[in-house]
Amino acid sequence: MVGRLVSASGPLLDAPAAYQNEVYNVPTLLRLREEVGPVVGANFDPSHLMWMGADPLAAIETLGEAIYHVHAKDTRLEPSRQALTSRLETLPVMAAKERSWNYVTLGYGHDDSFWRAFCLALRRAGYDDVLSIEHEDVLVVPVEGVTKTVDLLRRVALREPSSYKPQEI
């Protein structure tokens, strides 16, 4: 049944990486795809990989065409808290001052150069679709956070498809 749905309508399921899930990192997603095929793809949220200690740029390179959707969401790591509590966080998001990491507006965890490399990595991987802004910064009102995120993405993202055509020899 799933096979018929997939062939008729394209990908059916995307899987976000988060520590409570069965699919929580690149190898677990690739293992699932190995079992069920390209019906499963990544709902790629770099902010989860950031606080878990993985490298979103390396993940993009490895996942490639398995990336089906992308979130534009940042995480700020709080080293002084991590030194005491690790990155495993159980405090509520509203306790931002006490947490070892926090979801933040783009640019407040990782700078423009990271996000430029992020957008370029997506292009190299063949992803040319939506960057979904997911605002979860409890210290910034949503309109300001989304505005700042859009401004950052306008500075760093390549918007036009490449028109490069190799010359024939």
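Remark: the backbone N or O of L91 is paired with a side-chain donor or acceptor of R99 at under 3.5 angstrom. Checking side-chain atoms of D137 against main-chain N and O of T105 turns up a donor-acceptor pair under 3.5 Å. Of the possible donor and acceptor atoms, one in the side chain of D111 sits under 3.5 Å from a partner among the backbone N and O of F114. Under the 3.5 Å distance criterion, the side-chain polar atoms of D74 are left unmatched by any main-chain donor or acceptor of V104. Looking only at distances, a side-chain donor or acceptor of T85 sits under 3.5 Å from a matching main-chain atom of R81.
Atom NE2 of H48 sits about 7.0 Å away from atom CH2 of W101, to the nearest 0.5 Å. Atom OH of Y127 sits about 8.5 Å away from atom CD1 of I67, to the nearest 0.5 Å. In this structure, NE2 on H135 lies 8.0 Å from OG1 on T149, to the nearest 0.5 angstrom. To the nearest 0.5 Å, the span separating OG1 on T62 from CG on L57 amounts to 11.0 Å. Atom CZ of F118 is separated from atom CG of L106 by 8.5 Å, given to the nearest 0.5 angstrom. Atom CZ of residue R76 and atom OG of residue S47 lie 13.0 Å apart, to the nearest 0.5 angstrom.
Scanning all heavy atoms of the two residues, the minimum distance from V140 to G145 falls at CG1-N, 3.5 Å. The nearest pair of heavy atoms linking F44 to A59 is CE1-CB, 3.8 Å. Counting all heavy atoms, side chain and backbone alike, R87 lies closest to M52 at NH1-C, 3.8 Å.
Using a 4.5 Å heavy-atom threshold, the side chains of N25 and L29 count as separate. With contacts defined as side-chain heavy-atom distances shorter than 4.5 Å, the pair V70/V130 does not qualify. Contact annotation: the side chain of D112 approaches that of R155 to within less than 4.5 Å [non-hydrogen atoms, C-beta and beyond]. Between L49 and D55, the closest side-chain pair of non-hydrogen atoms is not below 4.5 Å. Looking only at side-chain heavy atoms (C-beta outward), L30 and T28 stay at 4.5 Å or farther from each other. Using a 4.5 Å heavy-atom threshold, the side chains of Y68 and P38 count as touching. Inter-residue side-chain proximity for P46 and I60 is flagged as unmet; no heavy-atom pair is nearer than 4.5 Å.
Judged by distance alone, the side chains of E89 and S100 do bring a donor and an acceptor atom under 3.5 Å apart. With hydrogens and angles left out, the side-chain atoms of H69 and D129 include no donor and acceptor closer than 3.5 Å.
For D128 and R123, the salt-bridge test fails: no basic side-chain N is under 4.0 Å from an acidic carboxylate O. A salt bridge does not link R124 with E61: every distance from a Lys NZ or Arg NE/NH1/NH2 to an Asp or Glu carboxylate oxygen is 4.0 Å or more.
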- Message: Run the side-chain contact (heavy atoms from CB on, under 4.5 Å) test on N102 and V93 for me, step by step, so that the C-alpha distance in whole Å, both residues' side-chain angles and the decisive distance to 0.1 Å come before the verdict.
- Response: CA-CA 7 Å; N102 290 285; V93 295; over 6 Å; no
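No more than 12 heavy-atom neighbours from other residues, nucleotides or ligands sit within 6.0 angstrom of OH on Y108.
In terms of hydrophobic clustering, with Ile, Leu, Val, Met, Phe, Trp and Tyr side chains grouped at heavy-atom distances under 4.5 Å, L84 and L88 are assigned to different clusters.
Between W115 and H110, the ring planes lie perpendicular to each other; the angle is over 60°, past the 30° to 60° tilted range.
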